[in-house]
Amino acid sequence: MLDMKFIRENLEEAERRLATRGGASFLAGFRDLDERRRALLREGESLKAVKNNVSEEIGKVKDKSQVQDKILEMREVSNRIKALDEELKQVDDELSGVLMTVPNLPDPSTPLGSSENDNVVVRSWGEPQPFAFPAKPHWEIGEGLGILDFERAAKITGARFTLYRGAGARLERALISFMLDLHTEQHGYVEVLPPFMVNRDSMTATGQLPKFEEDLFRLADPDFFLIPTAEVPVTNIHRNEILKRSDLPICYAAYTPCFRREAGSYGKDTRGLIRQHQFNKVEMVKFTHPSESAAELEKLTANAEKVLQLLELPYRVMALCSGDIGFSAAKTYDLEVWLPGQSCYREISSCSTFGDFQARRAGIRFREDEKAKPEFVHTLNGSGLAVGRTVVAVLENFQQADGSVLVPAVLRPYMGGLERIS
RNA sequence: GGAGAGAUGGCCGAGUAGGUCGAAGGCGCUCGCCUGCUAAGCGAGUAUACUGGGAAACCGGUAUCGAGGGUUCGAAUCCCUCUCUCUCCGCCA
């Protein structure tokens, strides 16, 4: 959510910056609703002030028959207040309907552009190595080795699910442990294991609701949702809290499965592990002082990159353009890993700063010092990494001519010493 | 799932035959005083959001005693619904 006061005072600037995301005017109707809201507030609150005063006087009088006329008068006032409050509620709902569906303002450092074609390569690491044999895509490698079973997963559940088996399942688990250990032991994150289902308030706080409900899996009876990313439960850890300045930055790393409807992606990435309804991810989440969020985004991104470097997987860092960043994001770096089986780079991590956008929705604040007014923190998060896609990258980059796959050295301790999957 | 109890400010904890309660008291914390040495004592202060005025300091209004409705001139106090916590029973990884 954007700051109402900021919009009120800088409507044109806000519109201009939002326009760089593409699409229609996001703030149409804001000014009118805002003014109506404040007019209703003024009128209603001054009537309430009268009512409170008179009621207090009535309370002091022992013999109520002496103030019967005042009681009747206040009954009228009360009715008027009720009517105003109802009107106010309607306007409030409309206004928050506008506010909750307006995306974040892109950070000034976010490159301008309309689609992923306008994203900017910031740097790259490692060289894609030429293969002495035709490189296979991971689904062929995985099925060949008997470690990925897409057909049976489809039988058990449906399309876009995968059954891992043997060394495949172990590889997934090894990657999770490796990533968590790295972030907690080397990068200073606190490991958390949150609920995998969350309520509507949590989904709203991070921005998935109200606008993107169709992307989520929702439970039938309690009004809960399966998390699409650990960002949701972990960011909500501190919802409606006032943190201490000395607590910041707070850094969490969490492994969770992620559940996504992938509505509207029919026909895309239908084969293999790239686009699943359920996948594992290790997520990093930070709560920072506003003045430190830019630097923390760089560190967060570097933390994610470290995973790829240790796994010896070539990748590049992309700065997403204004037309491609997510709803809540102000600035995003995507990490794209090289996939020789498909001869392309694919997103494996997305690292973003949200400024105070999520913090305002979620009510996450801090005090500069004991007496200072609470201010919103900045929230950040990034994948470190998407585990399924990391399996993809390992299988494709470490495949051998005979169809086997070498296990990256850093993973061997997590694989019981296994050096090769064959 | 059944039966019962409860949810008050940073914490603890008063307050229910409705009335001046944003809310006693204690603790904690902040500032000052005192004290020659991290104790005791004294004084003052100590929620948040929205809103009006003001350049600002600040002043005023409204709301908030788990959440949302209702009754009433007036509700922390009465009624309804929901959520959460605790105890007992049942069930269960």
Side-chain angles (χ1 to χ4, degrees), chain A residues 1-9 30-100 193-205 209-210 218-225 233 236-248 257 356-377:
Chain A
M1 191 163 61
L2 299 179
D3 181 5
M4 270 222 291
K5 285 192 188 118
F6 176 82
I7 301 176
R8 190 179 295 151
E9 286 157 22
F30 171 83
R31 177 143 291 169
D32 180 52
L33 285 168
D34 182 49
E35 279 169 11
R36 276 169 63 201
R37 171 174 170 272
R38 284 189 290 161
L40 286 167
L41 269 178
R42 271 197 299 275
E43 190 180 351
E45 289 185 353
S46 58
L47 282 178
K48 283 175 189 172
V50 170
K51 185 191 73 173
N52 287 343
N53 281 328
V54 175
S55 292
E56 194 178 317
E57 287 172 27
I58 294 173
K60 287 178 186 159
V61 178
K62 291 265 166 56
D63 181 1
K64 299 302 182 213
S65 65
Q66 288 179 4
V67 289
Q68 201 53 36
D69 53 331
K70 279 187 177 167
I71 289 179
L72 290 174
E73 195 188 329
M74 285 310 104
R75 192 174 295 173
E76 300 275 314
V77 171
S78 228
N79 287 336
R80 176 71 185 136
I81 289 171
K82 195 171 288 185
L84 285 171
D85 276 349
E86 273 170 33
E87 202 179 334
L88 176 65
K89 187 175 186 311
Q90 281 192 354
V91 173
D92 260 342
D93 287 349
E94 274 185 68
L95 189 60
S96 69
V98 170
L99 247 32
M100 294 304 273
L193 183 62
F196 300 160
M197 301 177 206
V198 300
N199 58 32
R200 201 167 273 277
D201 285 346
S202 293
M203 280 295 185
T204 305
L209 293 179
R218 189 177 133 202
L219 271 65
D221 187 0
D223 192 27
F224 293 161
F225 297 84
N236 274 281
I237 289 174
H238 296 298
R239 171 150 53 89
N240 293 331
E241 290 184 11
I242 299 178
L243 305 166
K244 283 194 231 124
R245 173 68 181 94
S246 56
D247 291 338
L248 305 178
D356 61 9
F357 186 86
Q358 290 182 327
R360 180 172 292 105
R361 284 179 164 234
I364 308 170
R365 296 173 291 174
F366 76 100
R367 287 184 213 275
E368 188 68 51
D369 58 69
E370 301 269 357
K371 282 180 283 191
K373 260 183 57 179
E375 298 173 61
F376 292 111
V377 302

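Just so we're on the same page: letters track the sequence lines, and every chain starts at 1. Just the heavy atoms: all of them, side chains too, but no hydrogens, waters or symmetry mates, feed the values below.
When the side-chain nitrogen and oxygen atoms of A/Lys89 are compared with OP1 and OP2 of B/rG69, none of them lie within a distance under 4.0 Å. Close to B/rC73, at under 4.0 Å from its OP1 or OP2, lies a side-chain N or O of A/Arg75. Contact check, A/Arg365 against B/rU48: no side-chain N or O comes under 4.0 Å of OP1 or OP2. Residue A/Arg38 places none of its side-chain N or O atoms closer than 4.0 Å to OP1 or OP2 of B/rU51. Between B/rU48 and A/Arg367, a contact under 4.0 Å exists linking OP1 or OP2 to a side-chain N or O. Between B/rC73 and A/Asn52, no contact under 4.0 Å exists linking OP1 or OP2 to a side-chain N or O. For the OP1/OP2 pair of B/rA49 and a distance below 4.0 Å, the side-chain nitrogens and oxygens of A/Arg360 include no atom meeting the criterion. A/Ser78 has no side-chain polar atom (N or O) that falls below the 4.0 Å cut-off from OP1 or OP2 of B/rU72.
The shortest non-hydrogen separation linking A/Ile237 to A/Glu241 is O-OE2, 3.3 Å. Considering every non-hydrogen atom in both A/Ala372 and A/Arg367, the closest pair reads O-NH1, 3.3 Å.
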Is there a salt bridge (charged side-chain N to carboxylate O under 4.0 Å, His left out) between A/Arg80 and A/Glu43 once you walk through the steps? CA-CA 10 Å; A/Arg80 176 71 185 136; A/Glu43 190 180 351; 2.7 Å; yes
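Look at B/rU64: its Watson-Crick or wobble partner, with both distances under 3.5 angstrom, is B/rA47. Base pairing of B/rA76: no nucleotide in any strand meets the Watson-Crick or G-U wobble criterion (both distances under 3.5 Å). B/rC91: no Watson-Crick or G-U partner with both key distances under 3.5 Å is found in any strand. With a 3.5 Å ceiling on both atom-pair distances, B/rA23 lacks any Watson-Crick or G-U wobble partner. A 3.5 Å limit on both hydrogen-bonding distances identifies B/rU83 as the Watson-Crick or G-U partner of B/rA7. Base-pair partner of B/rG18: not found among the strands shown (Watson-Crick or G-U wobble, both distances under 3.5 Å). Pairing partner, B/rC34: none, since no Watson-Crick or wobble contact has both distances short of 3.5 Å. Pairing for B/rG52 goes to B/rC59, judged as Watson-Crick or G-U wobble with the two contacts each under 3.5 Å.
Among the protein residues, A/Lys48 comes within range of the sugar-phosphate backbone only, with heavy atoms under 4.0 Å from sugar or phosphate atoms but none that close to a base. Looking at heavy-atom distances under 4.0 Å, A/Arg8 makes contact with sugar-phosphate atoms alone, never a base. Within 4.0 Å of A/Lys5, counting heavy atoms only, lie sugar-phosphate atoms of the nucleic acid but no base atom. A/Lys82 comes within contact range of the sugar-phosphate backbone alone, with a heavy-atom separation under 4.0 Å but no base atom that close.
Salt bridge annotation for A/Asp85-A/Lys89: absent, with no cationic side-chain nitrogen under 4.0 angstrom from a carboxylate oxygen. Electrostatic pairing of A/Arg37 and A/Asp92 counts as a salt bridge here, judged by a charged N lying under 4.0 Å from a carboxylate O. In this structure, A/Arg8 does not pair ionically with A/Asp3, as no charged nitrogen and carboxylate oxygen lie closer than 4.0 Å.
Atom pair A/Arg239:CZ and B/rU48:P shows a separation of 20 Å (rounding to whole Å applied). When rounded to the nearest whole Å, the span between CZ of A/Arg200 and C1' of B/rU83 equals 15 Å. To the nearest angstrom, C1' of B/rG18 lies 11 Å from NZ of A/Lys64. Between the CZ atom of A/Phe6 and the C1' atom of B/rC50 there is a distance of 20 Å, given to the nearest Å. Look at CG on A/Asp221: it is 9 Å from P on B/rG1, rounded to the nearest Å. Summarising the geometry, the separation between NZ on A/Lys373 and C1' on B/rC58 is reported as 13 Å, rounded to the nearest angstrom. The CZ atom of A/Arg80 sits 18 Å away from the P atom of B/rC73 (whole-angstrom rounding). To the nearest angstrom, C1' of B/rA49 lies 18 Å from CZ of A/Arg361.
Using atom C1' as the reference point in both B/rC33 and B/rA40, the two lie 14 Å apart (nearest Å). Using atom C1' as the reference point in both B/rG6 and B/rC91, the two lie 25 Å apart (nearest Å). Atom C1' of B/rA47 sits at a distance of 9 Å from the matching atom of B/rG22, rounded to the whole Å. Atom name P, nucleotides B/rG15 and B/rA7: the rounded distance is 11 Å, in whole Å. Look at the P atom in both B/rG25 and B/rG36: the space between them is 32 Å, to the nearest Å. Comparing B/rC21 with B/rG28, their P atoms are spaced 27 Å from each other, to the whole Å. B/rU72 and B/rC78 are spaced 10 Å apart, taking the C1' atom of each and rounding to whole Å. Distance check on atom C1': B/rA23 versus B/rC65 gives 8 Å, rounded to whole Å.
If A/Met4 and A/Leu72 are placed on RNA chain B by their nearest nucleotide, the residue sitting closer to the 5' end is A/Met4. In terms of position along RNA chain B, the nucleotide closest to A/Glu56 lies nearer the 5' end than the nucleotide closest to the other residue of the pair A/Glu56 and A/Leu41.
With B/rU20, B/rC73, B/rG52 as the candidates, the nucleotide lying closest to the side chain of A/Lys60 is B/rU20. You'll find that the side chain of A/Glu45 is closest to B/rC50, out of B/rA49, B/rG19, B/rC50. Side chain of A/Ala49, nearest nucleotide from B/rG74, B/rC50, B/rG61: B/rG61.
Summarising the local packing, CD of A/Glu57 is surrounded by more than 12 heavy atoms from other residues, nucleotides or ligands at distances under 6.0 Å. More than 12 heavy atoms of other residues, nucleotides or ligands lie within 6.0 Å of NZ in A/Lys51, so this atom counts as buried by the packing criterion.
Between the side chains of A/Ser55 and A/Asn52, no donor N or O sits under 3.5 Å from an acceptor N or O.
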